[in-house]
Structure formats: C-alpha cells, structure tokens
Amino acid sequence: MEPLRFAIERTLRDFVERLTGVCVALKPSKKAHLASSAFLREDAAGTAQMLNAHAHECTLYGVPLLDSVKAEHGWLLFFFRTDAVDAYASRLPDAEEPGDDYMSRRLWMIARHDDAPVPDDPFVLHGFFAALFDLPDGERLFSEAPRRLDGTARVQVEQRMARFAKILLWERRDRP
C-alpha cells in the first residue's frame, strides 16, 4: 500500500496541476498541513479562491481531501480534512509492537486504544500532519497535542488518536 504521505502529495499535485497547469512543489509548513510557493506571488489569492471552489474534486480513497486553501505572502497553504485519513487508516493492519526507540513505543501505546474516528482537534491535526510530512519535532507535537487539555477532554482526545498513531507507525516502518 502506498504511504499516506505520498498519496496525499500525488493527489494534491494532480489536482492543482489539472486546475492551474502548474506542477507544484509541496513543502511541510508550520502554518498549514502542506504549503507551496509555486505560483506568481501576485496571484496566490486568486489561485487559492479557485482551488477552494473546486476543493470537492480533490479526493483520496473516494473521500474529500481538502478542507481549504489559503494564500499568505505568496504561498498557498493547504489544510486537509480527516475523512481521507480515516479511510486510509481503515485499510491498515493492526500496528505491530515496535523496537526500542521512544517515539515508536509512544505511538504504539496510542495506537492500542479502541478504534474510533480521528479527532478534529486543530492541535492534534497539526501535530499529525507535521509528523507525517517530517516537519522537525512533528512527532513530538503530535504526541504532546492533548497535553493542553484537562481531565475528560484530554482522555477523550487521546483515545481518538489511535488511527493517527497507527498511520505514523506504518509510515515510519522502513525508517531506522
């Protein structure tokens, strides 16, 4: 099965190229799930508006991928929906017990929670996509995202992060 990271990048590139004629270079972003500066800086806002109008056409595993596209300082900032992530996670086998590195063990502990739809929490989403696209400290951002919550809210979010953790374990399975 194709890694989610590559599936998202391929789908997004194809979508943008089909509508604009430009093959974009995608980069991890601290402000969005992915970003691109491949457009003329004067027209990023117009391009973002056009892409938003057609966002429903950008699908992955039969479900919409794009939530929104924003323009900022000549960059296109892409934000994703969780539906495609859920569809991908449902295709993965259960996570196997990892080796001894701390982050793999932490992700495995999170992945062992009961299966539930992924949370639509902006901090968890940012951490997940930062980890998926190898933004520095992305995995730490993901695993620590619920810490800003207290009590029951924190537990509920942590219990719904299992699919995200399962994906991240799957994506890092070939890494040292």
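Along the sequence shown, residues are numbered consecutively beginning with 1. All figures in this text were calculated on a predicted structure; none of them were measured in a lab.
Qualifying ring-ring contact (aromatic ring centres under 6.0 Å, His included) partners for Phe133, counting only residues two or more places apart in sequence or in other chains: none. Legend: residues meeting ring-ring contact (aromatic ring centres under 6.0 Å, His included) with Phe15, ordered by chain and number and at least two apart, are absent. Residues that satisfy the side-chain hydrogen bond (donor to acceptor under 3.5 Å, both in side chains) test with Glu57, not counting sequence neighbours, are Arg18, His54.
Of the possible polar contacts, none joining the Arg81 side chain to the Asp67 backbone as a donor-acceptor pair under 3.5 Å is found. Of the possible donor and acceptor atoms, none in the side chain of Lys70 sits under 3.5 Å from a partner among the backbone N and O of Phe78. When atom types are taken as modelled, the side chain of Glu171 and the backbone of Leu4 share a donor-acceptor pair closer than 3.5 angstrom. Side chain of Asn52 to main chain of Val69: a donor-acceptor pair is present (N/O by atom type, distance under 3.5 Å, no hydrogens or angles).
Contact between Pro28 and Leu135 at its shortest, heavy atoms only, is CB-CD1, 3.6 Å. Shown here for Leu77 and Ala35, the closest heavy-atom pair between the two residues is CD2-CB, 3.8 Å.
When side chains are defined from C-beta on, Phe129 does not count as touching Ser29, because their heavy atoms never get closer than 4.5 Å. Put simply, the side chain of Leu149 does not reach to within 4.5 Å of the side chain of Gln156, judged on heavy atoms. Leu60 is not listed as a side-chain neighbour of Tyr88, based on a closest heavy-atom distance of 4.5 Å or more. When side chains are defined from C-beta on, Lys31 counts as touching Glu72, because their heavy atoms get closer than 4.5 Å. Contact check for Asp86 versus Arg163: side-chain heavy atoms found under the 4.5 Å cut-off. Counting heavy atoms from C-beta on, the side chains of Pro146 and Glu158 come closer than 4.5 Å. With contacts defined as side-chain heavy-atom distances shorter than 4.5 Å, the pair Tyr61/Arg91 qualifies. In this structure the side chain of Leu107 reaches within 4.5 angstrom of the side chain of Phe142, judged on heavy atoms.
Using a 3.5 Å distance cut-off with no hydrogens or angles, the side chains of Asp14 and Thr11 do not pair a donor with an acceptor.
Taking CG of Leu76 as the reference point, atom OG of Ser36 lies at 6.0 Å (rounded to 0.5 Å). Atom CD of Glu2 is separated from atom CD1 of Ile8 by 10.0 Å, given to the nearest 0.5 angstrom.
Taking the six-membered ring for Trp and the full ring otherwise, the centers of His33 and Phe80 sit less than 6.0 Å from each other.
Exactly one residue among Met103, Arg106, Arg105 makes a side chain to side chain contact (heavy atoms under 4.5 Å, CB included) with Pro98. That residue is Arg105.
Residues Glu17 and Arg13 are not paired through a salt bridge, judged by the lack of any N-O separation under 4.0 Å between the basic side chain and the carboxylate. Here Asp121 pairs with Arg148 in a salt bridge; the nearest charged N to carboxylate O distance falls below 4.0 Å.
Applying the 6.0 Å contact sphere to CE of Met109 captures no more than 12 heavy atoms from other residues, nucleotides or ligands.
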